[in-house]
Student: 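Here it is, the structure, as structure tokens.
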Protein chains: 4
Amino acid sequence: MNRRLTPRGRERRRQLMDYAIERFAENGYHPTSVAEIVQGLGVGKGVFYWYFKSKEELFLEILRETQLDLRRAQQQAIEGVDDPVKRIEIGIRTTMRWSSEHAHLNRLVQFAATEERFLPALRKGQDVAIRDAMRHVKEGIERGEIRDTDPDYIAHAILGITAQLARVFLHERGQPWEQVADAAVTLVLDGILATDRSPVG
Amino acid sequence: MNRRLTPRGRERRRQLMDYAIERFAENGYHPTSVAEIVQGLGVGKGVFYWYFKSKEELFLEILRETQLDLRRAQQQAIEGVDDPVKRIEIGIRTTMRWSSEHAHLNRLVQFAATEERFLPALRKGQDVAIRDAMRHVKEGIERGEIRDTDPDYIAHAILGITAQLARVFLHERGQPWEQVADAAVTLVLDGILATDRSPVG
Amino acid sequence: MNRRLTPRGRERRRQLMDYAIERFAENGYHPTSVAEIVQGLGVGKGVFYWYFKSKEELFLEILRETQLDLRRAQQQAIEGVDDPVKRIEIGIRTTMRWSSEHAHLNRLVQFAATEERFLPALRKGQDVAIRDAMRHVKEGIERGEIRDTDPDYIAHAILGITAQLARVFLHERGQPWEQVADAAVTLVLDGILATDRSPVG
Amino acid sequence: MNRRLTPRGRERRRQLMDYAIERFAENGYHPTSVAEIVQGLGVGKGVFYWYFKSKEELFLEILRETQLDLRRAQQQAIEGVDDPVKRIEIGIRTTMRWSSEHAHLNRLVQFAATEERFLPALRKGQDVAIRDAMRHVKEGIERGEIRDTDPDYIAHAILGITAQLARVFLHERGQPWEQVADAAVTLVLDGILATDRSPVG
DNA sequence: GATGAATGAGTCTTCATTCAT
DNA sequence: CATGAATGAAGACTCATTCAT
């Protein structure tokens, strides 16, 4: 589907993607039929297959776009920030805000993890995110700001906390993202132990 | 399906569940057909519906059983342990071991989160897990061992790190659970920052 | 199924037929499964096939029994009555009473008329009923009491009115059978026209 | 299924209904599968569900259409006829002719009476027919032309005779409708008794 | 006699995809 | 570009019947 699209065509395509995201997120990928998508927009089935080769292709497209979009937001936010720990913090905050603004997409990503055929596309994006995080972590370790543990673990820990808190507190409980971000940052940086337990310097 | 089952019947049921878990985990819930399941066991289609009301019901059954089983393992492991931080640590380790021994079930739980109709059952189990964790956290806070933050956040942070590291390092990369557990415990307890950054006591 | 049955066996068989009649009448023949029938009686499936060769055979059995039973009631009622018109009247009344006492069976007979394979059995019984009625009609014509028209038509008219009024007023509206019988008798004998239209004497 | 249909679509739909009527009438509703219907027309299975929501819906559609069509024929036939007894007569004759021209539909209507889920639709149509007949009957009573009995009974007697004679003499024995209609009219109007039994002559 | 278990052809229905217009 | 129509494989589920115990 490398069609050259007119502006109107691009708009149609956008509409289809947006509506599909909504339905996929609400109902699940499989339970949402192509018929449902085109009916929701009041167009014929041909339209769908004009813009997308298949339902699967559409989903992959959504997945790629999603991951790319979040990454762009991250990069923009940390631009020019020198301190790696600060960059991590900003990364967490940006994820929270973006996540609260794109609530729908969470389930899609999660679903992608449950079927073999979507895993490659999913991993590609997640690897990028991990690599980004690891860069900051490594730099932090070099500077002595971050504990000298396997940066891979650390990067995943960061993503794990962030994703979990986002899912529960943003999407299920609807808390403001700033508050959730604060908690995530604290927990990531300092762990859960009372600070005075840490041995003296 | 509250059939009174003979021993032979119970065995059949178990077989069906186990094989279904395997297929669901490998292929996804929707792509796995009932026909595939019964063919895999070399039995007729009616057998499936003799033991389960529907494919959906089977999935829910698996979900419930899964959550119950993990919880049992946890409770057994922490029995008699007095220190709440220790209990948290043991909880994380138990999850890791259980998770490495029941690799299949991870995807199922994740899939359950992507369709509305499975959410209630899923949440029920997760709420229990969170509540369990929160009990330890609260006690830790009271004893001054855990930072005095919202225990809800802390509990979710623990589960988030554990789940993420389990998924990636156990299931994707096949690392030994003890090692992953160590990392998880450290990150949960101390966060990512270099310890000497924490102000003296 | 020409089994020699013990008294207990005959009772079981009766139970099965009665319950089946009830279910067939309420739900229809096809929508009622053998499983439903045996479950309703709390017995295993083997029992059913011990007493009946098949579901179809059971239905045919019910059909035959029904028609035989009604006929017996008729014959008993008109025994010794000499006047053919009186016999017709009694026949109508007996049908009404029997029909009100065996409400369930009506639908079964009606259903039998809608599938080719049940028609032969159905017709056999109905032919008998028509022949019975025609005997009275012919005699009535000979005696000059009944209009000299094709007795076949007359016999069917009698059955038609009786069946229709029974269905509607007995089974749908629950009126007492005596009242419905009165109406049927009058309409059959005198038609609907005002009597004074018949040339005065 | 409130699809906007093209002329071609309307034709398909008609084809499906007509063929289904034929099969339902010949074989019965349940024994006729959707597969059989579409195969009979040499189309794919999806076609059926493009035009009808379900097999049940199709049947109900047929039922409604049938009843509506007969009623239209009746109303057209009695238009402008003043005498109520004459209108009843014409009604009977019209039913006979229509019934002989739509032989298939008889069994369908009969079948509808044997399953709970079809009864509402069936009754709706029959109530209309009864109400129509009752109007004529009442007027006839007022004019002194019809015996002053419960018009409800009379109306049902008319329909009962007509239906029964139609079923037997038209559909089973293939007699010409005019002849059957004559008999029905006579029997309805005058009953079965010899006229000279009516007082004096 | 009776039961729970098993069979598997057959049912209705859905749906991604294609195509004539 | 777009639509309504069509395809047909595949899906979940049912059920009369049989059988080992």
Side-chain angles (χ1 to χ4, degrees), chain A residues 3 5-6 8-9 12 30-38 42-58, chain B residues 3-9 11-13 30-39 41-58, chain C residues 3 5-6 8-9 12 30-38 42-58, chain D residues 3-9 11-13 30-39 41-58:
Chain A
R3 273 186 213 300
L5 296 175
T6 65
R8 189 183 161 217
R12 258 288 143 86
H30 286 289
T32 300
S33 68
V34 173
E36 187 185 337
I37 295 170
V38 296
V43 299
K45 265 191 204 151
V47 172
F48 184 94
Y49 287 93
W50 180 259
Y51 292 105
F52 303 98
K53 207 171 69 196
S54 67
K55 190 186 169 188
E56 184 170 340
E57 209 52 56
L58 160 65
Chain B
R3 263 185 224 301
R4 206 77 42 79
L5 294 176
T6 63
R8 186 189 172 202
E11 201 188 334
R12 254 294 137 80
R13 208 183 122 96
H30 287 288
T32 300
S33 68
V34 171
E36 187 185 338
I37 294 170
V38 294
Q39 267 167 36
L41 293 178
V43 297
K45 211 173 279 189
V47 171
F48 184 94
Y49 290 93
W50 180 260
Y51 293 103
F52 303 99
K53 211 171 68 195
S54 67
K55 192 185 167 188
E56 184 170 340
E57 207 52 55
L58 161 65
Chain C
R3 272 188 214 298
L5 295 174
T6 65
R8 188 180 163 220
R12 257 288 142 85
H30 287 288
T32 300
S33 68
V34 172
E36 187 185 337
I37 294 170
V38 297
V43 299
K45 267 196 202 146
V47 172
F48 184 95
Y49 287 93
W50 179 260
Y51 293 104
F52 303 99
K53 209 171 69 197
S54 68
K55 191 186 170 190
E56 185 170 340
E57 208 51 57
L58 160 65
Chain D
R3 262 184 225 302
R4 206 76 43 80
L5 295 175
T6 63
R8 186 189 172 205
E11 201 188 336
R12 254 293 138 80
R13 207 182 123 95
H30 287 288
T32 301
S33 69
V34 172
E36 187 185 336
I37 294 170
V38 295
Q39 267 167 35
L41 294 178
V43 297
K45 215 174 276 192
V47 171
F48 184 94
Y49 290 93
W50 179 259
Y51 293 103
F52 303 98
K53 210 171 69 197
S54 68
K55 191 185 168 189
E56 185 170 338
E57 208 52 57
L58 161 63

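Nothing here was measured: the structure is a model prediction, and the numbers come from that model. Because only heavy atoms are used, hydrogens play no part in the values below, and waters and symmetry mates are left out as well, while side chains stay in.
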Student: Roughly how far, to the nearest 0.5 Å, is the CD1 atom of B:Ile37 from the OG atom of B:Ser33?
Tutor: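 Interatomic distance, B:Ser33 OG to B:Ile37 CD1, rounded to 0.5 Å: 7.0 Å.
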
Student: Distance check needed: E:dT13 P versus D:Ile37 CD1, whole Å only.
Tutor: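 Distance, rounded to whole Å: 11 Å.
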
Student: Applying side-chain contact (heavy atoms from CB on, under 4.5 Å), name anything that partners D:Glu11, two or more places apart in sequence or on another chain.
Tutor: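 By the side-chain contact (heavy atoms from CB on, under 4.5 Å) rule, D:Glu11 matches D:Gln15.
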
Student: Nearest whole angstrom, please: distance from the P of F:dA9 to the CD of B:Glu36.
Tutor: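 Between P of F:dA9 and CD of B:Glu36: 19 Å.
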
Student: To the nearest Å, how far apart are C:His30 NE2 and E:dT11 P?
Tutor: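 Rounding to the nearest Å, NE2 of C:His30 and P of E:dT11 are 12 Å apart.
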
Student: For the helix from E:dA2-F:dT21 to E:dT21-F:dA2, what angle lies between the axis at the first five pairs and the axis at the last five pairs, to 10 degrees?
Tutor: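 The value is 10°.
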
Student: Would you kindly give the CD-to-C1' distance between D:Gln39 and E:dG10, to the nearest whole Å?
Tutor: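 Rounding to the nearest Å, CD of D:Gln39 and C1' of E:dG10 are 12 Å apart.
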
Student: Would you mind telling me which residue lines up with the more 5' stretch of DNA chain F, B:Thr32 or C:Thr32, judged by nearest nucleotide?
Tutor: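 The answer here is B:Thr32.
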
Student: Could you measure between the two P atoms, the one in E:dG1 and the one in F:dT21, and give it in whole Å?
Tutor: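 Pairwise P distance, E:dG1 against F:dT21, rounds to 23 Å.
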
Student: Nearest whole Å is fine: how far is E:dT7 C1' from B:Leu41 CG?
Tutor: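 One finds 15 Å between C1' of E:dT7 and CG of B:Leu41, rounded.
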
Student: So which protein nitrogen or oxygen atoms get under 3.5 Å of nucleotides 2-4 of chain E's nitrogens or oxygens?
Tutor:
unit_1, atom_1, unit_2, atom_2, d
E:dA2, OP1, C:Arg8, NH2, 3.2
E:dA2, OP2, C:Tyr51, OH, 3.4
E:dT3, OP2, C:Gly44, N, 2.5

Student: Rounded to whole Å, please give me the gap between CD in B:Glu56 and P in F:dA12.
Tutor: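 It is 12 Å, rounded to the nearest whole Å.
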
Student: Please give, in whole Å, the distance from F:dA9 P to D:Tyr49 OH?
Tutor: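 These atoms are roughly 17 Å apart.
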
Student: D:Thr32 and D:Lys55: which non-hydrogen atoms are nearest, and at how many Å?
Tutor: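 Shortest heavy-atom contact: O-NZ, 2.9 Å.
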
Student: Within this structure, what is the CZ-to-P distance between D:Phe48 and E:dT13, rounded to whole angstrom?
Tutor: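 Result: 7 Å.
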
Student: Specify the residue among B:Gly9 and A:Ser33 whose closest nucleotide of DNA chain E lies further upstream toward the 5′ end.
Tutor: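 Counting from the 5' end, the first nearest nucleotide belongs to B:Gly9.
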
Student: How close do B:Pro31 and B:Glu36 get, counting heavy atoms only, and between which atoms?
Tutor: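 Shortest heavy-atom contact: O-OE1, 3.9 Å.
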
